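What follows is a set of notes on a single structure, which appears directly below.
Note that the structure is predicted; figures quoted are calculated from it, not measured.
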Amino acid sequence: MLNMSDIMETITMIQEENLDIRTITMGISLLDCCHEDIDRSCSKVYEKICRQAGDLVATGTAIEEKYGIPIINKRISVTPVAMLAAASGGDPVRYARTLDKVAAEVGVNFIGGYSALVHKGFSPGDRELLASIPQALAETERVCSSVNVASTRSGINMDAVAEMGHIIKKAAELTADRQCIGPAKLVVFCNAPEDNPFMAGAFHGAGEPDCVINVGVSGPGVVRAALAKAGPEPDLTQVAEIIKRTAFKITRMGQLVGSEASARLGVPFGIVDLSLAPTPAIGDSVAHILEEMGLERCGACGTTAALALLNDAVKKGGVMASSNVGGLSGAFIPVSEDAGMIRAAEAGALSIEKLEAMTAVCSVGLDMIVVPGDTEAAVLSGLIADEAAIGMVNGKTTAARIIPAIGKGVGDRLEFGGLLGYGPVMAINGHSPAKFIARGGRIPAPLQSLKN
């Protein structure tokens, strides 16, 4: 399956085109840490994560040195904490503090799983966890949260959608002195995958092994460079073929790193996530790939078609390189984390409505979107509902990571730093969906959910 000559071809990509392994994420089940005493449960969580992930960072560093492949992040995902909270009772924020402490102890960048799965309703522990999310994100640095509010099989839990609008707004308010970083660590999903290695949405699903290694690759700069080298002559069929071949090489590298990490840690290898995850670095942008195809600016008419071509070609190339493909596996289009997206948004070429349309053909969708700080909670909920509807009807994962910029308006921006970059405040349709959202209940699953 692995050919070292294929891996060596990536050296130029690494040195000149921003190719990297975006993350090695260890998924850890905490189901055996459930206890009726929350203090005992938190102790068991701390002990298990330290035991399983104590060598994760060192292993990642050793693999980097052996192969010369940058591994940007080492992360952990855990069982949705709402499941533990249901067993133990007490304040769920105590779990968040424990996760933050153990993440610092083992040296990972982020730990995901302060999560709840409420797509068909609320079970014990879910409401308590949801209510605690703003405080948990305000009090911790490395903890990430996610909530699954919809699925193709169950429909959309509009009660949860309504609540998430208020939760996002409160999370922004509690971290207003830190560029509203709280909601940047919170993702609202439809059809959330159980094996996603990317933050902020990673959690360790109940159907996963006790412990597993998942890898997220990245390489938008490599794809853009390959298209630039080919020049303007290839037609779009040939463009797709170029992208497929490039994705194949990128995925081979992810397969190698995942297999090596699995062997060194004595943990099963889970999946390679093929997602093209951008960074604010110049030359590492999904938007720039679309512009290399011939668009004057990302957001122009034709952007959705170009993104559909890119997403499909990446998947076709990747699945030929690894039999362990999973997670989200598609192009990410986060505004603040992509230099080209930032430029397009600032120029007025890219709107929230266009990003919503692009969601239909890529991973996630409305990701790292900064909106005016006075946006009503009901408007945020409406945006989440629209995103969930696209995922529900099309049988795909969609998500929203929306950040109200408290005290700021269109034309301002939030500075996050690092991989999160900076986000220009984007205009949002302010006409209120409050009466629609307030109806609550559940939008029924679509007819296409009946596949048995």
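Annotation for D159 and G440: closest pair OD1-CA, 3.3 Å, computed over non-hydrogen atoms.
L137 is not listed as a side-chain neighbour of T175, based on a closest heavy-atom distance of 4.5 Å or more.
A 6.0 Å sphere centred on NZ of K170 holds no more than 12 heavy atoms belonging to other residues, nucleotides or ligands. Summarising the local packing, CD of E36 is surrounded by 12 or fewer heavy atoms from other residues, nucleotides or ligands at distances under 6.0 Å.
The backbone N or O of T140 sits less than 3.5 Å from a side-chain atom of K185, completing a donor-acceptor pair.
Ion pairing of R142 with D100 is absent here, as no side-chain N (NZ or NE/NH1/NH2) approaches a carboxylate O to less than 4.0 Å. A salt bridge between K48 and D210 is present, with a side-chain N of the basic residue lying under 4.0 Å from a carboxylate O of the acidic one. Between E260 and R264, at least one side-chain nitrogen of the basic residue sits less than 4.0 Å from a carboxylate oxygen of the acidic one, meeting the salt-bridge criterion. Salt bridge status for R178 with E141: absent, with no side-chain N to carboxylate O gap under 4.0 Å.
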Report task. Start with the C-alpha gap between Y95 and S88, add the side-chain angles, then the distance that decides, and say whether side-chain hydrogen bond (donor to acceptor under 3.5 Å, both in side chains) holds. Result -> CA-CA 10 Å; Y95 283 112; S88 68; 2.9 Å; yes

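Each of V108, T61, V106, V267 was compared with L56 under the side-chain contact (heavy atoms from CB on, under 4.5 Å) criterion, and only V108 meets it. When the options I342, L414, V370 are evaluated for a side-chain contact (heavy atoms from CB on, under 4.5 Å) with P424, the one that passes is I342.
One side chain, N191 or T152, offers a donor N or O that lies under 3.5 Å from an acceptor on the other.
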